[in-house]
Visitor: 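One structure, as structure tokens, below. Some questions next.
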Amino acid sequence: MKGAVCVEFGKPWEIQEMELDKPARGEVMVKVAACAICHSDIHSAQGEHSLIPLPAVGGHEIAGYIAEIGEGVTYVKPGDPVIVSIPQHGCGHCYYCLIGQGYNCPNFPLKLAAPGRYTNNKGQRLWQFAGDIAGFVEYTTCSENHVVKIPQNMPLDRACLLACGVISGFGAIVNRAKVKPFDSVAVVGAGGVGLNAVQGARFSGAHPVIAVDVMEGKLEMARKFGATHTVNSRTEKDAVQKVKEITDGRGADVIIVAVAGIEILRQAFNMSSRNGMTVVIGHAGREWMSTFDATEFVGGKIMSGSAMGATRPRLDIPRLIDLYQHGRLKLDELVSRRYPFAQINQAMDDSMKGDALRNVLIF
């Protein structure tokens with residue numbers, strides 16, 4: 001089988017022949033059909049998350065078919081179409097699973113990198129940028145807890161978007177911030193994740209829904225996804241003041257930060273109302289929050305993380321598919337371009353230019 005390997009940070013991926021471990025007990029092998037490129041893949045390949053040992057394989061927005069199952073697997077069978085997601089189903093019996101937070105399950109923790117299951121033709125054991133899963137490969141082996149069964153008629157080049165980008169943005173609104181009707185929302189960063197926060201805010205009945213970005217093309221797309229107002233933080237003299245003006249001087253009740261950078265996070269935090277919540281999604285490595293003063297939180301401001309939108313994969317992903325199939329969730333519009341797997345470097349380069357929402361590799 002073939003896979004794309006990062007052999008040096010900042011350099012093109014190499015397509016290499018490799019061998020994949022067979023599924024162990026509780027594991028499945030998935031034939032990858034489509035894998036979208038997330039900006040986290042770019043950060044990893046540039047060495048911006050952390051200096052993960054190389055060579056390594058990447059990719060994590062995966063949809064495909066079950067090719068093989070290990071002993072004890074009961075949830076899926078060969079041939080089932082599935083999404084492979086970073087958040088897992090959870091063990092079902094620990095404290096966090098019992099309170100409905102399987103994404104915090106200590107028995108299946110979220111991993112940002114891990115020793116992998118692949119050996120290349122040089123005999124090197126490969127690491128995986130996305131922990132237990134990899135998508136820039138023809139086949140991937142993982143715990144059955146990573147997979148979510150999907151309908152046979154769900155297009156896989158759109159289904160793969162639900163593995164990360166959609167759930168990160170939509171989930172940050174619905175699960176983490178728990179936006180209510182008439183809450184004001186500002187989304188900073190109108191890329192693939194931010195647009196899903198925008199449509200999550202629209203779905204939740206928020207008003208106004210403000211998209212903030214530096215690219216007019218993305219702001220125009222945000223309006224199509226449900227933004228009632230847009231702010232170009234590059235051309236606007238004072239983007240913070242503009243958001244406050246739109247919200248009658250108060251600032252937004254919820255701020256979603258869907259782009260990396262401490263200066264951007266600082267600006268977003270200042271857009272918040274006195275008791276507003278700033279939800280951090282965008283991240284890169286080695287960013288230190290030294291620009292925040294503890295007294296700024298005295299009035300009740302909240303800053304929260306949002307790991308994969310606090311998603312319960314086998315509950316939330318089928319719900320999102322149902323919304324899509326009934327015309328209430330935009331997925332088609334998120335796909336900027338499709339590329340054959342062999343053109344991964346072109347797809348990555350085009351994604352780095354910043355104007356793509358999601359480029360999707362087709363296998």
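Basis for what follows: all heavy atoms, side chains included, without hydrogens, waters or symmetry-related copies.
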Visitor: If hydrophobic clusters are built from ILVMFWY residues whose side chains come within less than 4.5 Å, do Phe363 and Ile66 share one?
Guide: yes

Visitor: Any donor and acceptor pair, going by atom type alone, linking the side chain of His146 with main-chain N or O of Ser85 inside 3.5 Å?
Guide: yes

Visitor: Give a yes or no on whether the backbone of Ala206 and the side-chain of Ser204 come within a donor-acceptor separation of less than 3.5 Å.
Guide: no

Visitor: Taking NZ, NE, NH1 and NH2 as the nitrogens, is one of them in Glu68 or Lys22 under 4.0 Å from a carboxylate oxygen of the other?
Guide: yes

Visitor: Taking side chain as C-beta onward, heavy atoms only, is Cys160 less than 4.5 Å from Val360?
Guide: yes

Visitor: I want to check something: taking the side chain as every heavy atom from C-beta on, are Ser351 and Asp349 in contact at a cut-off of under 4.5 Å?
Guide: no

Visitor: Check whether the side chains of Glu48 and Gln46 place a donor and an acceptor atom closer than 3.5 Å, and report yes or no.
Guide: no

Visitor: Met271 and Val214: same hydrophobic cluster, using ILVMFWY side-chain contacts below 4.5 Å?
Guide: no

Visitor: Between Leu219 and Leu334, is there a shared hydrophobic cluster once you connect ILVMFWY residues whose side-chain heavy atoms come closer than 4.5 Å?
Guide: no

Visitor: Would you say the ring centers of Phe297 and Phe269 fall short of 6.0 Å from each other?
Guide: yes

Visitor: The test is side-chain contact (heavy atoms from CB on, under 4.5 Å); show your working for Leu20 and Val137 and say whether it passes.
Guide: CA-CA 10 Å; Leu20 172 61; Val137 287; over 6 Å; no

Visitor: Please check if the side chain of Gln128 supplies one atom and the backbone of Arg117 the other of a donor-acceptor pair under 3.5 Å.
Guide: yes

Visitor: Between Arg314 (side chain only) and Val148 (backbone N and O only), is there a donor and an acceptor less than 3.5 Å apart?
Guide: no

Visitor: Under the salt bridge (Lys or Arg N to Asp or Glu O under 4.0 Å) criterion, do Arg25 and Glu71 qualify, and how do the steps go?
Guide: CA-CA 5 Å; Arg25 182 176 180 83; Glu71 183 182 354; 3.0 Å; yes

Visitor: Might you point out which heavy atoms bring Ile173 and Ala197 nearest each other, and give the distance in Å?
Guide: CG1-O, 3.3 Å

Visitor: Can you name the nearest heavy-atom pair linking Met348 to Ile42, along with the distance?
Guide: CE-CG1, 4.0 Å

Visitor: Look at the side chain of Gln267 and the backbone N and O of Ile264, then say whether any donor-acceptor pair between them is shorter than 3.5 Å.
Guide: no

Visitor: Any side-chain heavy atom of Thr228 within less than 4.5 Å of one from His207?
Guide: yes

Visitor: Which residues satisfy the side chain to side chain donor-acceptor pair (under 3.5 Å) test with Arg176, sequence neighbours excluded?
Guide: Ser304

Visitor: How far apart are the closest heavy atoms of Ala190 and Leu357, and which atoms are they?
Guide: O-CD2, 4.1 Å

Visitor: Side chains of Asp238 and Gln241: any donor to acceptor distance under 3.5 Å?
Guide: no

Visitor: Could you tell me whether a side-chain N or O of Glu144 sits under 3.5 Å from a main-chain N or O of Val73, the two making a donor and an acceptor?
Guide: no

Visitor: With heavy-atom distances below 4.5 Å as the criterion, would you say the side chains of Ile15 and Phe341 are in contact?
Guide: yes

Visitor: Taking only Lys NZ, Arg NE, NH1 and NH2, and the carboxylate oxygens of Asp or Glu, determine whether Arg125 and Asp21 approach each other closer than 4.0 Å.
Guide: yes

Visitor: Can a salt bridge be assigned to the pair Lys2 and Glu14 using a cut-off of 4.0 Å between side-chain N and carboxylate O?
Guide: no

Visitor: I'd like to know whether Asn175 forms a side-chain contact (heavy atoms from CB on, under 4.5 Å) with Arg312, so could you lay out the CA-CA distance, the side-chain angles of the two residues, the decisive distance to 0.1 Å, and finally the verdict.
Guide: CA-CA 9 Å; Asn175 297 330; Arg312 301 150 296 179; 3.7 Å; yes

Visitor: Distance check, rounded to the nearest 0.5 Å: Leu320 atom CG versus Leu161 atom CG?
Guide: 11.5 Å

Visitor: Would you kindly say whether Ser336 and Asn359 are connected by a side-chain donor-acceptor distance under 3.5 Å?
Guide: no

Visitor: Under a 4.5 Å cut-off applied to non-hydrogen side-chain atoms, are Asp157 and Val335 in contact?
Guide: no

Visitor: Could you tell me whether a side-chain N or O of Asp41 sits under 3.5 Å from a main-chain N or O of Cys38, the two making a donor and an acceptor?
Guide: yes

Visitor: Does any donor atom in the side chain of Gln124 or Asn120 lie under 3.5 Å from an acceptor atom in the other side chain?
Guide: yes

Visitor: For Arg328, look at atom CZ and say whether over 12 heavy atoms of other residues, nucleotides or ligands are found less than 6.0 Å away.
Guide: no

Visitor: Could you check whether Tyr95 and Asn104, counting side-chain N and O atoms only, form a donor-acceptor pair closer than 3.5 Å?
Guide: no

Visitor: Would you give the length of the straight line joining atom NZ of Lys122 to atom CD of Glu17, rounded to the nearest 0.5 angstrom?
Guide: 13.0 Å

Visitor: Check for me, please, whether Ile210 and Phe182 land in the same ILVMFWY cluster - side-chain distances under 4.5 Å, paths through other members count.
Guide: no

Visitor: Apply side chain to side chain donor-acceptor pair (under 3.5 Å) to the pair Asp253 and Ser184, showing each step before the final yes or no.
Guide: CA-CA 5 Å; Asp253 298 315; Ser184 54; 3.1 Å; yes

Visitor: Would you call Lys77 and Asp80 a salt bridge, using N to O less than 4.0 angstrom?
Guide: yes

Visitor: Atom CD of Glu333 and atom CZ of Arg158: how far apart are they, to the nearest 0.5 Å?
Guide: 10.0 Å

Visitor: Can you name the closest pair of heavy atoms from Ser273 and Gly251 and give their distance?
Guide: CB-O, 3.6 Å

Visitor: Using a 4.5 Å cut-off on heavy atoms from C-beta on, say whether the side chain of Gln325 contacts that of Asn153.
Guide: yes

Visitor: With side-chain contact (heavy atoms from CB on, under 4.5 Å) as the test, would you mind laying out the steps for Val185 and Val187 before giving the verdict?
Guide: CA-CA 7 Å; Val185 172; Val187 178; 4.0 Å; yes

Visitor: Would you check, one step at a time, whether the test salt bridge (Lys or Arg N to Asp or Glu O under 4.0 Å) holds for Asp213 with Lys218?
Guide: CA-CA 7 Å; Asp213 204 285; Lys218 288 189 174 181; 5.1 Å; no

Visitor: Would you verify whether the NZ or CZ of Lys31 falls within 45 degrees of the ring axis of Tyr65 while also being under 6.0 Å from that six-membered ring's centre?
Guide: no

Visitor: In sequence, state the C-alpha distance, the side-chain angles, and the governing distance for Lys242 and Glu245, and then conclude on salt bridge (Lys or Arg N to Asp or Glu O under 4.0 Å).
Guide: CA-CA 5 Å; Lys242 186 64 177 179; Glu245 176 186 317; 3.3 Å; yes

Visitor: So, Gln346 versus Asp350: side-chain donor-acceptor pair below 3.5 Å or not?
Guide: yes

Visitor: Just by modelled atom types, is the His89 backbone N or O under 3.5 Å from a matching donor or acceptor in the Asn145 side chain?
Guide: no

Visitor: Taking the side chain as every heavy atom from C-beta outward, state whether Val257 and Val279 have any atom pair closer than 4.5 Å.
Guide: no

Visitor: Can you see which heavy atom on Asn107 is nearest to which on Cys94, and at what distance?
Guide: ND2-CB, 4.0 Å

Visitor: When you measure from the side chain of Lys149 to the backbone N and O of Tyr75, does any donor-acceptor pair fall under 3.5 Å?
Guide: yes

Visitor: Count I, L, V, M, F, W, Y as connected when their side-chain heavy atoms are under 4.5 Å apart, and connections chain through other members. Are Tyr103 and Val147 then in the same cluster?
Guide: no

Visitor: Would you mind reporting whether Thr230 and Glu216 have side-chain heavy atoms less than 4.5 Å apart?
Guide: no

Visitor: Look only at the side chain of Glu61 and the backbone of Gly165, and say whether a donor-acceptor pair between them is shorter than 3.5 Å.
Guide: yes

Visitor: Decide if atom OH of Tyr324 counts as having more than 12 heavy atoms of other residues, nucleotides or ligands within a radius under 6.0 Å.
Guide: yes

Visitor: Can you confirm if the aromatic rings of Phe203 and Phe170 lie within a centre distance of less than 6.0 Å?
Guide: yes

Visitor: In Å and rounded to the nearest 0.5 Å, what is the CG to CD1 distance from Leu156 to Ile150?
Guide: 5.0 Å

Visitor: Show, in sequence, the C-alpha distance, side-chain angles and deciding distance for Leu54 and Val7, and conclude whether the side-chain contact (heavy atoms from CB on, under 4.5 Å) test is met.
Guide: CA-CA 6 Å; Leu54 298 180; Val7 296; over 6 Å; no

Visitor: Minimum heavy-atom separation for Leu98 and Gly92, please, with both atom names.
Guide: CD2-O, 3.9 Å

